[in-house]
Structure formats: C-alpha cells, structure tokens
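Notes to accompany the following structure.
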Protein chains: 2
Amino acid sequence: MAGINRVAAKEKFLRFLEQKNLRMTSQRQVIIDTVFSTDQHFTAEQLLDWARKQDQSVSRATVYRTLPLLTESGLVHEMDFGKDYKYYDPNYADSPNHNHLICQDCDRIVEFESDKIDKLQDEISQSLGFSLKAQQLRLTASCDELKRLGACKNKAC
Amino acid sequence: MAGINRVAAKEKFLRFLEQKNLRMTSQRQVIIDTVFSTDQHFTAEQLLDWARKQDQSVSRATVYRTLPLLTESGLVHEMDFGKDYKYYDPNYADSPNHNHLICQDCDRIVEFESDKIDKLQDEISQSLGFSLKAQQLRLTASCDELKRLGACKNKAC
DNA sequence: AGCTTTTTGATACTGAGACGCAAAAATCGT
DNA sequence: ACGATTTTTGCGTCTCAGTATCAAAAAGCT
Ligand SMILES: [Mn+2]
Ligand SMILES: [Mn+2]
Ligand SMILES: [Zn+2]
Ligand SMILES: [Zn+2]
C-alpha cells in the first residue's frame with residue numbers, strides 16, 4: 001500500500017491551509033516532506049527526529065501542532081496500536097478504509113482492505129439504528145503459518 | 001450484554017491468584033466487587049473513585065496494580081476508545097469477541113457480536129499467512145437514524 | 001510467637017502531549 | 001518598499017495517566 005505521492009500531498013495540504021486562512025511555512029514544508037517520504041506508521045517523536053535531520057530548527061511544539069492539521073485535512077490518520085502514544089498513518093489519503101494486522105511475534109504491521117468487512121460494518125451499524133462514520137479494525141495475529149511454510153520474509157522470523 | 005456475575009468473577013479470580021501464588025486481600029476484594037457491580041466500561045481513576053466509596057483506604061497504587069491482574073486473568077479487557085487513557089471492559093469474560101459502536105453525537109457505547117465478522121477476520125488472517133490471536137473493532141457512528149425514528153432512548157438525544 | 005514473603009499506601013518520578021508567551025515570520029494596505 | 005496586523009514559531013512550563021521505590025503492614029508458614 002504505497003502512500004499518496006509527496007507532490008499531491010503538498011498540493012492537498014496547500015488547499016487545506018488556504019481554505020482555513022492558514023499559512024504555508026518552511027517548517028510545515030519540512031514536516032510534510034518528511035511525512036510523505038515514508039509509508040510507515042510513525043509517532044510524533046519519530047517525526048520530530050526525522051524532520052530535524054532535514055532542518056534542526058523544527059521544534060517539538062510545531063510538530064505537535066502540525067499533526068492535527070494533517071489529520072484534519074485527511075492526509076494522515078490518527079491510530080492507536082495499543083501503546084500509550086499515538087501513531088500516524090500516511091497511507092490514509094490513498095485508502096481511507098484500510099485495516100491493520102499486527103504480528104505479535106515480530107511486530108510487523110500488514111495493511112489490508114476488505115469490501116466484505118466494509119459492507120458488514122455498514123449493515124451492522126444500520127441494524128443498530130446508526131449510520132457509520134468511521135471505523136478502526138485491528139487484528140493481532142501470529143506469523144506461525146508463514147514461518148511453517150518458510151515464506152516469512154521478515155528479518156525477525 | 002450483562003457481565004459475569006460477581007460470585008463467579010470472584011471465584012475465577014481466586015483460582016487465578018492461587019495458581020500464581022498471590023494472596024486475596026481485602027483491597028482486592030473491594031476492587032473486584034466494584035468492577036463486577038457494573039457492566040460499564042471504566043477507567044482506572046473511575047474505579048478508584050468507586051472503590052473508595054466502599055473503602056476509603058484503597059489506594060491509587062493498588063488499583064493500578066490490580067488492573068493488570070484482572071486483565072491477565074481474563075476477567076476484564078483493556079480497551080482503547082481513542083482517548084489518552086485506558087478503558088477496562090468487565091463484559092469480556094462473558095463474551096470475549098464482542099465489539100463496540102461508539103456514537104459520536106451522544107457518546108453512547110453499544111456492544112455487539114457478529115459471527116460473520118469473526119469468520120471474516122479469521123479468513124483474512126489465514127489468507128495473509130497469519131493465525132488470528134485477538135481482535136479489536138471500533139465503529140464510530142451517528143444515532144441520526146434512531147433520532148429520525150424517535151426511537152432514541154438516550155437522554156442526550 | 002517468630003520468621004519469611006507478599007502487599008500496601010505514600011511519594012517521587014516519567015513521558016506524551018498541551019499551553020502561554022514573547023520573538024520572528026508572513027501577509028496586507030498603502 | 002514599509003509599517004501595521006495577523007499568524008506562527010521555539011522555548012519553557014505544566015498537566016495528567018501511569019510506573020517505580022521503599023518502608024510499613026498484612027498474610028502465611030512452621
Ligand atoms: Mn496503515
Ligand atoms: Mn464491551
Ligand atoms: Zn511475525
Ligand atoms: Zn447518539
């Protein structure tokens with residue numbers, strides 16, 4: 001699941017800022033460049049580290065202030081993986097309904113999509129009298145199957 | 001979805017403690033009594049408040065120390081609802097696969113089970129080469145349907 | 001009753017994230 | 001181009017959930 005490309009992301013963010021009467025700054029440039037140079041899920045502190053490699057003047061506060069903007073604009077998605085800090089997902093603009101399987105043995109995160117699950121979730125919400133707005137599905141699993149087949153490409157396996 | 005009854009819960013916890021060479025104490029009694037006098041999802045701080053109404057000597061530290069024991073014994077389940085503190089679910093012993101729909105309008109939490117979803121999750125894990133160990137599905141929805149029908153029994157609606 | 005092990009409450013500490021503020025940067029009106 | 005206005009920034013401080021420490025208390029063992 002490759003993320004949205006950097007140019008398109010910047011474009012979209014620019015439109016978002018404009019529409020909210022906010023300004024594009026060099027710090028925000030660096031941050032968005034950093035975010036869309038990976039398709040990994042990342043934390044605020046990780047993003048700070050990476051961004052500072054490109055421009056040491058970027059401050060923690062600005063990172064923490066920019067992330068909600070990126071979230072609101074739909075470019076990243078706030079995730080919880082059960083840790084006590086938030087993760088951010090840069091692949092959300094491209095596939096807003098994708099879900100995650102996390103391997104409990106090697107910590108690998110596998111993204112997947114399923115129309116069947118999407119449909120089922122909608123049906124369930126309807127049958128309970130609600131209309132579905134958002135959704136988060138997290139599968140915790142073990143890669144024992146892959147290992148048994150010798151098909152596990154992960155270093156930890 | 002009514003939770004496991006208090007007597008059964010105590011019984012199960014007692015066996016768990018025994019098997020781990022831990023002791024049943026008056027504080028742990030109070031805490032488990034408190035937990036299984038509700039079927040609401042609760043936070044550690046809420047539990048502390050409630051428990052202290054029954055016995056003011058119960059300390060924050062003991063509550064925070066007991067919750068992992070209850071979790072490990074399978075009597076409660078650690079949940080995240082997207083807030084920056086943990087929630088605990090006392091209905092987990094009774095229905096270990098239930099999921100949650102959270103209304104974004106009135107904060108109500110609706111529990112539901114779905115064999116279809118369970119099956120689908122297993123199939124997806126298998127097809128990716130994994131075996132499913134645990135699962136967390138959170139639907140965010142709006143009760144507008146219920147409101148339109150005048151069938152919403154919630155005070156906030 | 002003595003001795004050992006576990007548990008407790010009080011207190012200090014940690015780490016993610018929010019907040020307040022004065023300086024700096026961007027934008028606007030002329 | 002320039003001063004006024006608005007927004008943004010970096011720094012420092014603060015908050016708050018959860019953890020670690022430790023001496024005292026409770027439980028269990030013989
Ligand atoms: Mn993802
Ligand atoms: Mn529940
Ligand atoms: Zn694995
Ligand atoms: Zn509602």
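Labels below follow one simple rule: chain letters A, B, ... track the order of the sequence lines, proteins then strands, and each chain is numbered from 1.
Taking atom CD on A/Q46 and atom P on C/dA16, their separation rounds to 11 Å, with Å as the unit. As a whole-Å value, the separation of A/K83 NZ from C/dG17 P is 13 Å.
Applying the ring-ring contact (aromatic ring centres under 6.0 Å, His included) test to every pair with at least one member in residues 12-35 of chain A, sequence neighbours left out, gives no pairs at all. Pairs engaging residues 65-76 of chain B under the side chain to side chain donor-acceptor pair (under 3.5 Å) rule: B/K20-B/E72 [sequence neighbours left out].
Qualifying salt bridge (Lys or Arg N to Asp or Glu O under 4.0 Å) partners for A/R52, counting only residues two or more places apart in sequence or in other chains: none. Listed by chain and number, the residues in a salt bridge (Lys or Arg N to Asp or Glu O under 4.0 Å) with A/D94 amount to none (sequence neighbours excluded). The salt bridge (Lys or Arg N to Asp or Glu O under 4.0 Å) test applied to B/E113 returns no partner, not counting sequence neighbours. Among residues two or more places apart in sequence or in another chain, the ring pair (Phe, Tyr, Trp, His ring centres under 6.0 Å) test is passed with A/F112 by none. Not counting sequence neighbours, B/E18 has no partner by the salt bridge (Lys or Arg N to Asp or Glu O under 4.0 Å) test.
No engagement by B/T43 is indicated, since no non-hydrogen atom pair under 4.0 Å with the nucleic acid exists.
Rounded to 10 degrees, the angle separating the terminal helix axes of the helix from C/dA1-D/dT30 to C/dT30-D/dA1, each built from five base pairs, is 30°.
Taking the 5' to 3' direction, DNA chain D first and last meets chain B under 4.0 angstrom from a heavy atom at D/dA17 to D/dG28.
Taking hydrophobic clusters as Ile, Leu, Val, Met, Phe, Trp and Tyr residues chained together by side-chain heavy-atom distances below 4.5 Å, A/V30 shares a cluster with A/I4.
A residue-by-residue look at B/R52 and B/R28 shows that B/R28 has its nearest nucleotide of DNA chain C further toward the 5' end.
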Per-nucleotide protein contact along nucleotides 18-30 of chain C, 5' to 3', at a 4.0 Å heavy-atom cut-off (B base, S sugar-phosphate only, - neither), is S-B----BBS---

Show the atom names and distances, to 0.1 Å, of all donor-acceptor pairs under 3.5 Å that link a side chain in residues 116-126 of chain A to residues at least two apart or in another chain.
from	atom 1	to	atom 2	distance (Å)
A/S125	OG	A/Q121	O	2.9

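Counting Ile, Leu, Val, Met, Phe, Trp and Tyr side chains that sit under 4.5 Å apart, directly or through other members, A/Y92 stands alone, with no cluster partners.
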